[in-house]
Trainee: 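Handing you this structure, nothing more for now.
Hydrogens, waters and symmetry mates play no part in the numbers below; they use all other heavy atoms, side chains included. Order of the sequence lines fixes the chain letters, A, B, ..., with proteins taken first and strands second; residue numbering starts at 1 for each chain.
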2 protein chains.
Amino acid sequence: MTAERNPEHTRQVILEAAFNEVLQNGFQATSLDSILSKTGLTKGALYHHFPNKTALGYAIVDELVFEQVASSWVRPLNNCENPIDCILGIMRGHMEKVTPEEMAVGCPLNNLTQEMSSIDEGFRTRLNKIYTKWREALADALKKGQQNGLVNSDIDAGQAAAFIVASIAGCAGTAKSTQCKKTFADATEGLMEYLGSLRL
Amino acid sequence: MTAERNPEHTRQVILEAAFNEVLQNGFQATSLDSILSKTGLTKGALYHHFPNKTALGYAIVDELVFEQVASSWVRPLNNCENPIDCILGIMRGHMEKVTPEEMAVGCPLNNLTQEMSSIDEGFRTRLNKIYTKWREALADALKKGQQNGLVNSDIDAGQAAAFIVASIAGCAGTAKSTQCKKTFADATEGLMEYLGSLRL
DNA sequence: AAACTAACATACTAGTCGGTATGTTGGGCT
DNA sequence: AGCCCAACATACCGACTAGTATGTTAGTTT
């Protein structure tokens, strides 16, 4: 009676353990055994739910990374009044509650992109899709802000969106390499000042 | 007579082959055999010049990556009149002559940082040293520009330097994931406009 | 309750990796 | 000229990996 079979839950357990291991060690350096050791499950369970290691990696991107970026960065933009205040709020929130451990392991999206996008086209397209959706949502929000007289109409919304997304990724990368909150805060505040300069 | 023993040259051959392989596949995914196959040399030669794979990776950072960043980004800042024009010139140069292949493989410094800095402290300190020197050189150049009346004195030079370096890394990362020159150009031009806004 | 299937566990294979032990060769020094 | 050590080459080991083959158990159906 204690058994409690729950395939969907099992799949999710494997997926999240894989996500954490990959976040810490990178995809290629993560062994399936190290993932499974965190779950108490075995290879049989893993290969029942995923055809191979690559598919497991794709699922991490398609489900966990995608959802994380969407909920943190994309969806807040869709129904907000002032896009600049919205991004500033998200960034401030991240800055305040980020732990040294999180700074060290870095951003899941950025990590996987740098590691995998040049050696596996499947990873690259999936990760690029996430970035593209993010950029589009940001560009749309900026355009709406321009129409509402909240954002300077002189700027190219698409161009600014590309720059902002790139800079956020760059700030996360800076945090990872320095592990120094001051430098991370410097870079982030530089970005915040740029965002402020976009106001009308 | 054909032999031509030249240990320093041999070491350099191994080092540069390793650099190229690591740039394309990442450090952990690069096998020593794949490096050696590009050189015509063997394991004996490699282990004569480097005690282990990690030391080879450290040498790549300390010698090749360091020198590349220093010559491209740091030294031009040291003896220039206007730091903003200087950075803009470097960026424009990179934008114009970058090949699709280079965009795909990404920036050596950024790649290694994202992959290795969270799992090997030796890599992290070495890579962070490069970033720090870069940031310091940029901050100094901005300060000098402020004294000369070329750069807005309202800005915090150290903060701006941290942001600019982070954004450049972010632009390189963007290029790697999108492999779309338009998006890369958008992000870069966004950064260029920010740089322009720093003028007095 | 028997039969069947999905959901796992266990044991193993084939291959690859970093690293080592040992052999060979060439060139500078005396 | 001959010696000797640095500079390599070759062969191999033990550890580890992704993936497979097969066994076992829990639920579900009839």
Trainee: Quick one: is A:Thr10 getting a side-chain N or O under 4.0 Å of the C:dA7 phosphate, OP1 or OP2?
Mentor: no
Trainee: Under 4.0 Å between a Lys/Arg side-chain N and an Asp/Glu carboxylate O for A:Arg92 and A:Glu189?
Mentor: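 A:Glu189 and A:Arg92: not salt-bridged.
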Trainee: Over how many whole Å does the gap from A:Tyr47 atom OH to C:dT10 atom P extend?
Mentor: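 Spelled out: OH on A:Tyr47 to P on C:dT10 is 17 Å.
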Trainee: If you go through the side-chain atoms of A:Lys53, does one of them form a donor-acceptor pair with the base of D:dG19 closer than 3.5 Å?
Mentor: no
Trainee: Quickly work out the A:Asn6 CG to D:dT25 P distance and round it to whole Å.
Mentor: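 In whole Å, D:dT25 P and A:Asn6 CG are 21 Å from each other.
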Trainee: Within the 4.0 Å heavy-atom criterion, would you say B:Ser34 contacts the bases, only the backbone, or no part of the nucleic acid?
Mentor: nothing
Trainee: Does NZ or CZ of B:Lys129 fall inside the cone over B:Phe66's six-membered ring, less than 6.0 Å from its centre and within 45° of the axis?
Mentor: no
Trainee: Is any NZ, NE, NH1 or NH2 atom of the basic residue among A:Glu121 and A:Arg124 found under 4.0 Å from an Asp or Glu carboxylate oxygen of the other?
Mentor: yes
Trainee: Rounded off to whole Å, could you give me the CG-to-P distance for the B:Leu46 and C:dG18 pair?
Mentor: 10 Å
Trainee: Check the phosphate of D:dT17 against A:Ser31, side-chain N and O only, distance under 4.0 Å to OP1 or OP2. Yes or no?
Mentor: yes
Trainee: Name the closest nucleotide to the B:Lys43 side chain, picking from C:dA9, C:dG18, D:dC8.
Mentor: C:dG18
Trainee: Take the protein atom CD of A:Gln28 and the nucleotide atom C1' of D:dC16, then report the distance between them rounded to whole Å.
Mentor: 16 Å
Trainee: What's the CG-C1' distance between A:Leu36 and D:dG19, to the nearest Å?
Mentor: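 About 12 Å, once rounded to whole Å.
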Trainee: Can you find a side chain N or O atom of A:His49 that sits less than 4.0 Å from OP1 or OP2 on C:dC8?
Mentor: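 A:His49 to C:dC8 OP1/OP2: side-chain N or O found under 4.0 Å.
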Trainee: Base, sugar-phosphate alone, or nothing: which one does B:Thr39 contact when heavy atoms must sit under 4.0 Å apart?
Mentor: nothing
Trainee: Choosing from D:dT17, C:dC8, D:dA7, which nucleotide comes nearest the side chain of A:Asp33?
Mentor: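 That would be D:dT17.
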Trainee: Using only side-chain N and O atoms of B:His48, determine if any of them is under 4.0 Å from OP1 or OP2 of D:dA7.
Mentor: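 So the side-chain polar atoms of B:His48 do come within 4.0 Å of the phosphate oxygens OP1 or OP2 of D:dA7, strictly under.
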Trainee: Rounding to an integer number of Å, can you tell me how far A:Phe50 CZ sits from D:dA18 P?
Mentor: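 In whole Å, D:dA18 P lies 15 Å from A:Phe50 CZ.
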Trainee: Take the protein atom CG of A:Leu32 and the nucleotide atom C1' of D:dT20, then report the distance between them rounded to whole Å.
Mentor: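 Checked: the CG to C1' distance equals 13 Å.
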Trainee: Rounded to whole Å, how long is the line connecting atom CD of A:Glu8 with atom C1' of C:dA6?
Mentor: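 Taking CD of A:Glu8 and C1' of C:dA6, I get 14 Å after rounding.
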Trainee: Is it true that B:Phe50 and B:Tyr58 have ring centroids separated by less than 6.0 Å?
Mentor: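 No, the ring of B:Phe50 stays outside the 6.0 Å limit from the ring of B:Tyr58, centre to centre.
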Trainee: So is A:Lys176 actually on top of A:Phe184's ring, under 6.0 Å and inside 45° of the axis?
Mentor: no
